[in-house]
Number of protein chains: 2
Amino acid sequence: MQLSEAEWKIMNVLWRAGSASARDVLDALQGETGWAYTTVKTMLTRLVEKGAAREKTVGQAAVYSAKVQQKAAQRAALAALVERAFGGTMGGFVHHLVANEKLDAKERAALQKLLDDAQREAGEGAP
Amino acid sequence: MQLSEAEWKIMNVLWRAGSASARDVLDALQGETGWAYTTVKTMLTRLVEKGAAREKTVGQAAVYSAKVQQKAAQRAALAALVERAFGGTMGGFVHHLVANEKLDAKERAALQKLLDDAQREAGEGAP
DNA sequence: TCCATCCTTCGACACTTGTAGAAGGTAGGC
DNA sequence: GCCTACCTTCTACAAGTGTCGAAGGATGGA
């Protein structure tokens, strides 16, 4: 499930909102995009066609909600990136990340904490 | 400098090889793509047009080499991903990475080591 | 000299993505 | 009963991507 730039914008709104009409999505993206109503409607229809969102008619209007989970979409996107640009291995990617991406202190601290948690979790299950 | 799927494949060859003719690139990608010679040539021409590669004629044939650095392309690609899919913050992305990507012990260790290095580096210069 | 080989440039076509106008249904307010 | 304000579906079109085939130039060996 690869999403295009514009599709990500829409999906981000759906994930945040839970469910939303085309009008809601449009409102949420005003300022960021300046899209016309029909542009949003077209994107939503395409997302439903490709199985990323679902549509339900409520009254006279359609209400949309995400069908793919955000986490799944994120993982797919990251996997695609790693595949294309980092030789297909998480190892290579992780290396680039810390070697070249200049995380700030706060980010490093967060990462450290998460690593600790992951470490602890990985250690459990055996005893 | 956003590269498409096919463009990444070509650029990866150029980065690895240093420089290569269209034929070289084709050979390097046989098995992976099954592209026709002209397909590769077209992609190379387009890459030159968009400034990602450069072309030099040697004898009767053109030889290509990367113009954008691999690291730069990788950083741009990662930045685009973070922007679209992770709310634009490295923090959010890093969180996803450790929380959802099931890194193996080796990857976590690498991350830890690199993090330590970064920490040490950040700590210097002050005392 | 002439052919098999390569290389090159042009042009083309289908599909995806980004954007949106036109035209037509509906439902509440006056 | 009719107008205003929404909503919907259809259609379109320009770029960008992915994939070549055709046609023509050079070149080295038979």
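- Taking 4.5 Å as the limit, some side-chain heavy atom of Leu14(B) sits within range of a side-chain heavy atom of Met11(B).
- Closest to the Glu5(A) side chain, of the nucleotides dG18(D), dC7(C), dG18(C), is dG18(C).
- We find the CG-CD distance between Leu3(B) and Gln74(B) to be 10.5 Å, quoted to the nearest 0.5 Å.
- Within the nucleic acid shown, Thr38(B) comes within 4.0 Å of at least one base atom, counting heavy atoms only.
- Rounded to an integer number of Å, the gap from CD of Glu49(A) to P of dT16(C) is 11 Å.
- Judged by distance alone with a 3.5 Å cut-off, no donor-acceptor contact links the side chain of Ser21(B) to the base of dC7(C).
- The shortest distance between the side-chain N/O atoms of Thr42(A) and the OP1/OP2 oxygens of dA20(C) is not below 4.0 Å.
- Summarising the geometry, atom CD belonging to Glu5(A) is positioned 4.0 Å from atom CZ belonging to Arg84(B); distances are rounded to the nearest 0.5 Å.
- Ion pairing between Asp116(A) and Lys113(A) fails under the 4.0 Å rule for side-chain N and carboxylate O.
- For Arg84(A) and dT17(D), the CZ to C1' distance is 12 Å, given to the nearest whole Å.
- Taking only side-chain atoms of Trp35(B), from C-beta outward, the nucleotide of dT19(D), dT17(C), dA20(C) with the closest atom is dT19(D).
- Between Lys41(A) and dT8(D) there is a side-chain polar atom (N or O) within less than 4.0 angstrom of OP1 or OP2.
- Rounded to whole Å, the distance from CG on Leu29(A) to P on dA20(C) is 12 Å.
- Residue pairs satisfying the side chain to side chain donor-acceptor pair (under 3.5 Å) criterion with at least one member in residues 15-32 of chain B, sequence neighbours excluded, are listed as follows: Ser21(B)-Asp24(B).
- Rounded to an integer number of Å, the gap from Trp8(A) CH2 to dG18(C) P is 13 Å.
- In this structure, CG of Asp27(B) is placed 13 Å from C1' of dC6(C), rounded to the nearest angstrom.
- Residue Ser4(A) places at least one side-chain N or O under 4.0 Å from the OP1 or OP2 atom of dG18(C).
- Distance CG (Leu47(A)) to P (dT19(C)): 14 Å, rounded to an integer number of Å.
- Residue Tyr37(A) places at least one side-chain N or O under 4.0 Å from the OP1 or OP2 atom of dT8(D).
- Among dT8(C), dC6(D), dT19(D), the nucleotide with an atom closest to any side-chain atom of Arg23(A) is dC6(D).
- Contacts of Ala22(B) with the nucleic acid, taken as non-hydrogen atoms under 4.0 Å apart, are absent.
- For the atom pair CD (Gln112(B)) and CD (Gln112(A)), the distance works out to 4.0 Å, reported to the nearest 0.5 Å.
- Residue Ala61(B) places its side chain closer to dC7(C) than to any other of dT8(D), dT19(C), dC7(C).
- The listed nucleotides are dC7(D), dT17(D), dA20(C); the one nearest the side chain of Gln60(A) is dC7(D).
- For the pair Glu55(A) CD and dT8(D) P, the computed distance is 8 Å after rounding to whole Å.
- Note: CG (Asp24(B)) to C1' (dC7(C)) measures 13 Å, nearest angstrom.
- Of the residues near DNA chain C, Ala36(A) and Gln2(A), the one whose nearest nucleotide (by heavy atom distance) lies more toward the 5' end is Gln2(A).
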